[in-house]
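What follows is a single structure, written as structure tokens, with notes after it.
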Amino acid sequence: MDRYLVFGHPVRHSKSPFIHTLFARQTQQELEYGLAEPAVDEFAQALRTFFDQGGKGCNVTVPFKEQAFTLVDRLSPRAKRAGAVNTIKLTDDGVLLGDNTDGAGLVADLKSHGVTLADSRILLLGAGGAARGALAPLLAELPSELVIANRTHTKAQQLAAEFCDLGPVTAQTYEQLAGPFDLVINSTSASLQGELPPLAPALIHTDIAIYDMMYGASDTAFITWAKQHGARQTMDGLGMLVEQAAEAFTVWRGIRPGTKQVLRELKRNLGVI
């Protein structure tokens, strides 16, 4: 039976085995999917051993995405742009192909919620790996403007300069931000600590769409704050998790699984309110 894994540290909380087992059942693919939690300095050896022993593909999560970028034989265009790899496939000719499905998962989830990206004004909070992975897919949807805001402004400037060939992307400080925005995406990990990015409440209006890449059994701190200031459409990153997994499954198996039922099952599994 074909074997797949997710590498991370820590990774025991991962829902990837649950998601991919449902995808396999739905598409009648015979595979098994497990977890691997090597020590941070043992990832390279663990990855080699997995494929030497017949592994077919894997997902890679924190803190190994940037390291995986350097370990594969070939990179997809979107992995090159993201500077990180979250999906690896062993091709038929024995090549380890590195891909990044995070941005595609984000865009697919936004569209599933009816969010219009073309000609929209988007605010992206954060300039780390999550933001980097999202930029090219977002710009491919032809927004009118994409603004990056980050606590360390120089990082936002560097990211905007790197991606400006793909579309109208700029960097602003939080103090410089002026609305209206159609969509705000929080790519920071602030919600994991129950914290908020320093965004002015005046930027929130009733017609804005709010997206937090983090997720939990209840609303994240950012979503709660946005609702308190009048946002009517709010979304967390659970759908992105499922959509990026579906993209990875497609890379590996050549068949696209449906995501709606799997997302419902995942919410039930998590006890999402």
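What's counted below: heavy atoms across the whole structure, side chains too, no hydrogens, waters or symmetry copies.
- Ring orientation note: the planes of Y33 and Y4 are close to parallel, at an angle under 30° on the 30°/60° scale.
- For residues 66-75, the set of pairs meeting the side-chain hydrogen bond (donor to acceptor under 3.5 Å, both in side chains) definition, not counting sequence neighbours, is empty.
- Between I185 and I210, the closest side-chain pair of non-hydrogen atoms is not below 4.5 Å.
- Checked by atom type and distance alone, the side chain of T250 never pairs as donor or acceptor with a backbone atom of G254 at under 3.5 Å.
- Taking CD of E247 as the reference point, atom CE of M240 lies at 11.5 Å (rounded to 0.5 Å).
- In the model, S191 has a side-chain atom that pairs as donor or acceptor with a side-chain atom of D212 under 3.5 Å.
- For R232 (side chain) and T206 (main-chain N/O), a donor-acceptor pair under 3.5 Å exists by modelled atom type.
- Side-chain contact between Y211 and N186 is absent, with no heavy atoms from C-beta onward closer than 4.5 Å.
- Between the S144 side chain and the S120 main chain, a donor and an acceptor come within less than 3.5 Å of each other.
- The heavy-atom pair separating I88 from A68 by the smallest distance is CD1-CB, 4.3 Å.
- Within the 4.5 Å cutoff, the side chain of L124 has no heavy atoms near those of the V147 side chain.
- Although no hydrogens or angles enter the test, the distance criterion places a donor-acceptor pair under 3.5 Å between the side chain of H205 and the main chain of D207.
- Using a 4.5 Å cut-off on side-chain heavy atoms (C-beta onward), T224 and T234 make no contact.
- Within 6.0 Å of NZ in K15 there are more than 12 heavy atoms belonging to other residues, nucleotides or ligands.
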Could you give me the CA-CA distance, side-chain angles and deciding distance for T49 and Q45, then say whether side-chain hydrogen bond (donor to acceptor under 3.5 Å, both in side chains) is met? CA-CA 6 Å; T49 299; Q45 182 59 53; 3.1 Å; yes

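- At least one side-chain heavy atom of L199 sits under 4.5 Å from a side-chain heavy atom of L123.
- Between the side chain of N150 and the backbone N or O of K155 there is no donor-acceptor pair closer than 3.5 Å.
- Atoms CG and CD, on L270 and E265 in that order, are 11.5 Å from each other to the nearest 0.5 Å.
- Atom CD of Q28 sits in a sparse spot, with 12 or fewer heavy atoms from other residues, nucleotides or ligands closer than 6.0 Å.
- In this structure, L125 CG and F222 CZ are separated by 5.0 Å, a value rounded to the nearest 0.5 Å.
- The backbone N or O of T101 lies less than 3.5 Å from a partner atom in the side chain of N86, making a donor-acceptor pair.
- A cation-pi geometry, defined here as NZ or CZ lying under 6.0 Å from the six-membered ring centre and within 45° of its normal, holds between R81 and F163.
- Within a 6.0 Å radius of CG in D93, more than 12 heavy atoms belonging to other residues, nucleotides or ligands are found.
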After noting the C-alpha distance and the side-chain angles of E162 and Q158, does the key distance pass the side-chain hydrogen bond (donor to acceptor under 3.5 Å, both in side chains) rule? CA-CA 6 Å; E162 187 175 335; Q158 291 166 0; over 6 Å; no

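- Residues L47 and C58 meet the side-chain proximity criterion, which asks for heavy atoms closer than 4.5 Å.
- Ion pair D99/K89 not flagged as a salt bridge, since none of the NZ, NE, NH1 or NH2 atoms sits closer than 4.0 Å to an Asp/Glu carboxylate oxygen.
- S16 contributes atom OG, which lies 8.0 Å from atom CG of L35 (distance to the nearest 0.5 angstrom).
- Formation of a donor-acceptor pair under 3.5 Å by the Q26 side chain with backbone atoms of G258 is found in this model.
- With sequence neighbours left out, H9 forms a side-chain contact (heavy atoms from CB on, under 4.5 Å) with E37, V40, P63, F64.
- The backbone N or O of E32 lies less than 3.5 Å from no partner atom in the side chain of R3, so there is not a single donor-acceptor pair.
- Taking each heavy atom of V115 and A209 in turn, the nearest pair found is CG2-CB, 4.3 Å.
- With a 4.5 Å cut-off on side-chain heavy atoms, F181 and I208 count as touching.
- Taking CD of E30 as the start and CZ of R25 as the end, the distance is 13.0 Å to the nearest 0.5 Å.
- Distance CG/L110 to CG/L183: 6.0 Å, rounded to 0.5 Å.
- With T152 contributing its side chain and T154 its backbone, the two residues share no donor-acceptor pair below 3.5 Å.
- N100 contributes a side-chain N or O that, together with a main-chain N or O of A84, makes up a donor-acceptor pair within less than 3.5 Å.
- In this structure the side chain of Q29 never reaches within 4.5 angstrom of the side chain of F23, judged on heavy atoms.
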